[in-house]
Amino acid sequence: MDQFTTLKQSLRKLPADFYIRKATAVAKDLLGKIIVHQAGKVFYSGMITEVEAYRQNDEASHSYRGISKRNRVMFQEGGVIYVYLIYGMYDCMNVVTGCEGTGEAVLIRSIEPVTGIKQMAANRGLKNLSMDSALRGLTDGPGKVCQAMKVNRKHNGLNLMGEKIFIAESGLFSGRMKIGRSERIGIRKGTHLEWRYFIRDNQFVSKHK
DNA sequence: GACGGGATTTGCT
DNA sequence: GCAAATCCCGTCC
């Protein structure tokens, strides 16, 4: 059995109720989990290394001013993904959390690639690079994660209980982690909240601070 | 390494 | 109008 098959068989999809909790709680628990996107023949997967929580009574959150055309998915029951366009150029992927009617989500800020790495590099526009240099900076930012894993606004609202995009636990990635915490990145409002969580000493984390 | 500007579209005031 | 949950590339140490 090859490594790829071993990985696939070790994946245990997170249950629906994992997501029906506060975004801050879900955020911490997403660290170390494996996010998967099956796109045709490509099996994209990576370990989540950095996240940020956004809640409804939170000035930095898209849901702060109530439901709109863009943010409506944030108000669904937890367990779907919310993908939006940022700065007119990049997509950002979030995991919606909480009960139906509450606008909460967790932004996936970075992952450590596991499978589909060559495709990720190609999707990011990196060509003819050795594996080592291709890996550097490949998925250490929310826009980069979406670009690499080929996730975009067409996936907005997709349910994580399906087979297309899902999040799983894996016995192969169950080691002890040191978790770091800080203010969220790239926002002007709500900066007093320390709702960014990341795996310490992991190179696939945003380079800020 | 640090800093600064440009790309580019959407949503809301 | 303008700010935005970003990234990349150039310049200048």
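Hydrogens, waters and symmetry mates are skipped; everything else that's a heavy atom, side chains included, is used. As the structure is a computational prediction, the values presented were derived from the model and not from experiment.
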Have a look at G143(A) and say if it touches a base, only the backbone sugar-phosphate, or nothing, with a 4.0 Å heavy-atom cut-off.
sugar-phosphate

On a heavy-atom basis, the closest approach of I187(A) and T191(A) is O-CG2, 3.6 Å

Calculate the interatomic distance between E52(A) atom CD and dA4(C) atom P; express it in whole Å.
15 Å

Assuming nearest nucleotide by heavy-atom distance, tell me which of R153(A) and M89(A) is located more 5' along DNA chain B.
M89(A)

Whole angstrom is fine here: how far is it from CD1 in I86(A) over to P in dT10(B)?
13 Å

Which nucleotide wins on minimum distance to the side chain of Y87(A), given the candidates dC8(C), dA5(C), dT6(C)?
dT6(C)

Whole-Å distance, E50(A) CD to dT6(C) P, equals 10 Å

Do M93(A) and I111(A) make a side-chain contact, defined as non-hydrogen atoms from C-beta onward lying under 4.5 Å apart?
no

Provide, to the nearest angstrom, the distance between the NZ atom belonging to K189(A) and the C1' atom belonging to dA4(C).
10 Å

Value in whole Å for how far the P atom of dT9(B) lies from CG of N152(A)
15 Å

Across all strands, who's sitting opposite dC7(C) as a Watson-Crick or G-U wobble pair, both distances under 3.5 Å?
dG6(B)

How far apart are the C-alpha atoms of V51(A) and I108(A), what are their side-chain angles, what is the distance that settles it, and do they pass the side chain to side chain contact (heavy atoms under 4.5 Å, CB included) test?
CA-CA 5 Å; V51(A) 294; I108(A) 308 297; 4.3 Å; yes

Are R109(A) and dT6(C) close enough that a side-chain N or O sits under 4.0 Å from OP1 or OP2?
yes

dA5(C) and dC3(B), which share atom name P, separated by this distance in whole Å:
23 Å

More than 12 heavy atoms of other residues, nucleotides or ligands under 6.0 Å from CG of N57(A): is that the case?
no

Atom-to-atom span, OH of Y54(A) to P of dA5(C) - whole angstrom:
7 Å

So what does L85(A) touch, heavy atoms closer than 4.0 Å: a base, only the sugar-phosphate, or nothing?
sugar-phosphate

Under-4.0 Å salt bridge between E104(A) and K22(A)
no

Is it true that E163(A) and K13(A) have a side-chain N and a carboxylate O under 4.0 angstrom from each other?
yes

Re dC12(B): Watson-Crick or G-U wobble partner, both distances kept under 3.5 Å, found to be dG1(C)

Atom pairs, N/O to N/O, protein against nucleotides 11-13 of chain B, distance under 3.5 Å?
from    : atom 1 : to     : atom 2 : distance (Å)
dC12(B) : OP1    : S68(A) : OG     : 2.6

Where each residue is assigned the nucleotide of DNA chain C containing its nearest heavy atom, which of Q147(A) and I187(A) is assigned the position nearer the 5′ end?
I187(A)

When rounded to whole Å, the CZ to P distance for the pair R55(A) and dA5(C) reads 19 Å

Taking the six-membered ring of Y44(A) as reference, does the cationic atom of K150(A) (NZ for Lys, CZ for Arg) lie under 6.0 Å from its centre and within 45° of its axis?
no

Without decimals, in angstroms, what is the distance between R184(A) CZ and dT6(C) P?
11 Å

